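These notes are about the structure you will find just below.
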2 protein chains.
Amino acid sequence: MALRHAVLAALLDGEYSGYQLAKAFDIGVANFWHAVPQQLYAELTKLEKEGLVAGRQVIQETRPNKRVFRVTEAGHAELERFATDVSKPSSIRDDLLVKVQAADRVDTGSVIEQLEERASAADGKIELLGQVLRRLRGDAAEEEFLRTGDRVGPYLTCLRGLSFEQEHRDWCLRTAGILRERQAHHAGR
Amino acid sequence: MALRHAVLAALLDGEYSGYQLAKAFDIGVANFWHAVPQQLYAELTKLEKEGLVAGRQVIQETRPNKRVFRVTEAGHAELERFATDVSKPSSIRDDLLVKVQAADRVDTGSVIEQLEERASAADGKIELLGQVLRRLRGDAAEEEFLRTGDRVGPYLTCLRGLSFEQEHRDWCLRTAGILRERQAHHAGR
DNA sequence: AATGCCTAGTCACTTTTCTGAGTACCGTAC
DNA sequence: GTACGGTACTCAGAAAAGTGACTAGGCATT
């Protein structure tokens, strides 16, 4: 039940509508939690019912009206509680790794393709995260920002995301290379 | 529905019982998919019903009898099919990252503790994965094993797991350090 | 004038994952 | 001799995550 806490954590940065939150979950928050818009709307509804967030209607002229949410006192307390209980161990959970595990026994061609696609997707993500990090730290140098900036939480999670994507890209390329080479050499198998 | 494929991929290395499979899911396979024994038993039952694996009773003297499973022809075909369809993008999904995201706004103390626990857990995992890798490649050097060894799939996924754990440990320690320093300096906040 | 894209959401449902509790027998250590 | 840990597995159910289809208006392009 961490989606709810991910939502609360994301709402710490201000008021967001479900739609805006969905955007945030596509960039920053996606580093540690992925969710589609429907899940977020559903979660916001539940959180509001439980009084952990409060919604407020915003009338817009040229666009559909929207409801924006902020974290209530009770919401902060819940996050506080969540922060103190034990985290379950992290792990990767990736389809593509399952395919690589089986790579000797299945058609390697499409696995190689997917590895390369993933690598370039990771490149895109790396670029994006670089921008987010620059935006977050503003003019300060990283070291200084981390020492004295306010709101380093999102910065730190982005750093994790960045290194994850870099490692992922490197591994994908290396693995694709190895499988390709093996394919060429033992062509007859 | 990748647990089923993770199970199939894990069974490529020979016959396993549910119990043995659970062990494998605690070490090697856990690099890309985590599951508790009950899930594996359930999945094996379903896979057998669908003819993707075949079970066989093994009578044991000193221990309870067990049923071991192997992948059938249909199972191989299913893996083959799975390998060709698109993988969903990978992401981290980690409780602890959620807590770090909120770290400026909640009690940082317990987050720091958890980061340090995680770092030492990662150390353990790194050690373990090193052993697994050595066992898998036997006497060969890594480069050579990757070129010519048979069954490199599990080796490659372990490499991914290893780099994940290393990055994770480094990030946890760095993050803990930063939060600790901030705690010390802005003690009054 | 039709097409497609962006904002902003809702509803109903399925699938997948996870949790807790329980059974049973063997061997070993204290 | 009894408590503990390992092997081996089952069952029932809850919670979490994910999917597909749908509404509705504005804006810009073709």
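Throughout, a chain's letter reflects where its sequence line sits, starting with A, and its residues are numbered from 1. Keep in mind that what you see is a predicted model, and the values were worked out from it rather than measured.
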Of the nucleotides [options], which has the atom closest to the [X] side chain?
| X | options | answer |
| --- | --- | --- |
| A/R63 | D/dA8, C/dA8, C/dG27 | C/dA8 |
| A/Q60 | D/dA17, C/dA8, D/dG26 | C/dA8 |
| A/Y19 | C/dA8, D/dA8, D/dC27 | C/dA8 |

Would you list the atom pairs, donor with acceptor, under 3.5 Å between side chains in residues 15-22 of chain A and any protein atom, with sequence neighbours excluded?
{"unit_1": "A/E15", "atom_1": "OE1", "unit_2": "A/R56", "atom_2": "NH2", "d": "2.6"}
{"unit_1": "A/E15", "atom_1": "OE2", "unit_2": "A/R56", "atom_2": "NE", "d": "3.2"}
{"unit_1": "A/S17", "atom_1": "OG", "unit_2": "A/Y19", "atom_2": "N", "d": "3.4"}
{"unit_1": "A/S17", "atom_1": "OG", "unit_2": "A/Q20", "atom_2": "N", "d": "3.1"}
{"unit_1": "A/S17", "atom_1": "OG", "unit_2": "A/Q20", "atom_2": "OE1", "d": "3.2"}
{"unit_1": "A/Q20", "atom_1": "OE1", "unit_2": "A/S17", "atom_2": "N", "d": "2.9"}

Nearest whole angstrom, please: distance from the [atom2] of [N] to the [atom1] of [X].
| X | N | atom1 | atom2 | value |
| --- | --- | --- | --- | --- |
| A/D26 | C/dC6 | CG | C1' | 14 Å |
| B/E15 | D/dA8 | CD | P | 14 Å |
| B/L40 | D/dC11 | CG | P | 16 Å |
| A/E61 | D/dG25 | CD | C1' | 14 Å |
| B/L21 | D/dC9 | CG | P | 11 Å |
| A/E43 | D/dA16 | CD | C1' | 9 Å |
| B/K66 | C/dT23 | NZ | P | 25 Å |
| A/F25 | C/dA8 | CZ | C1' | 17 Å |

In short, A/R67 meets A/E48 closest at the heavy-atom pair NH2-OE2, 2.6 Å
Can a donor-acceptor pair under 3.5 Å be found between the side-chain atoms of A/Q38 and the base atoms of D/dG18? no
N/O (side chain, [X]) to phosphate O (OP1/OP2, [N]) under 4.0 Å:
| X | N | value |
| --- | --- | --- |
| B/Q39 | C/dC18 | yes |
| A/R67 | C/dT7 | no |
| A/Y41 | C/dT10 | no |
| B/S17 | D/dC9 | yes |

By nearest-heavy-atom nucleotide on DNA chain D, the more 5' of A/W33 and B/P37 is B/P37
Select from B/K23 and A/A2 the residue whose nearest nucleotide in DNA chain D is closer to the 5' end of that strand. B/K23
Over 60° means perpendicular and under 30° means parallel, so tell me whether B/F164 and A/F164 are parallel, tilted or perpendicular. perpendicular
Just checking B/R93: base, sugar-phosphate only, or nothing, at a heavy-atom cut-off of under 4.0 Å? sugar-phosphate
How would you label the contact of B/K46 with the nucleic acid (heavy atoms, under 4.0 Å): base, sugar-phosphate, or nothing? nothing
Report the end-to-end axis angle of the helix from C/dA1-D/dT30 to C/dC30-D/dG1; each axis comes from five terminal pairs, and the value is rounded to 10°. 30°
Is a donor on one side and an acceptor on the other found under 3.5 Å between the side chain of A/S120 and the backbone of A/E117? yes
Would you call B/K99-B/D95 a salt bridge at under 4.0 Å N-O? no
Would you mind checking if A/E80 and B/R105 are paired as a salt bridge, meaning a charged N to carboxylate O distance below 4.0 Å? no
In Å, rounded to the nearest 0.5 Å, how long is the span from NE2 of A/H185 to CZ of A/R180? 13.0 Å
Per side chain to side chain contact (heavy atoms under 4.5 Å, CB included), A/T157 is matched among B/I92, B/D94, B/L96, B/L97 by B/L97
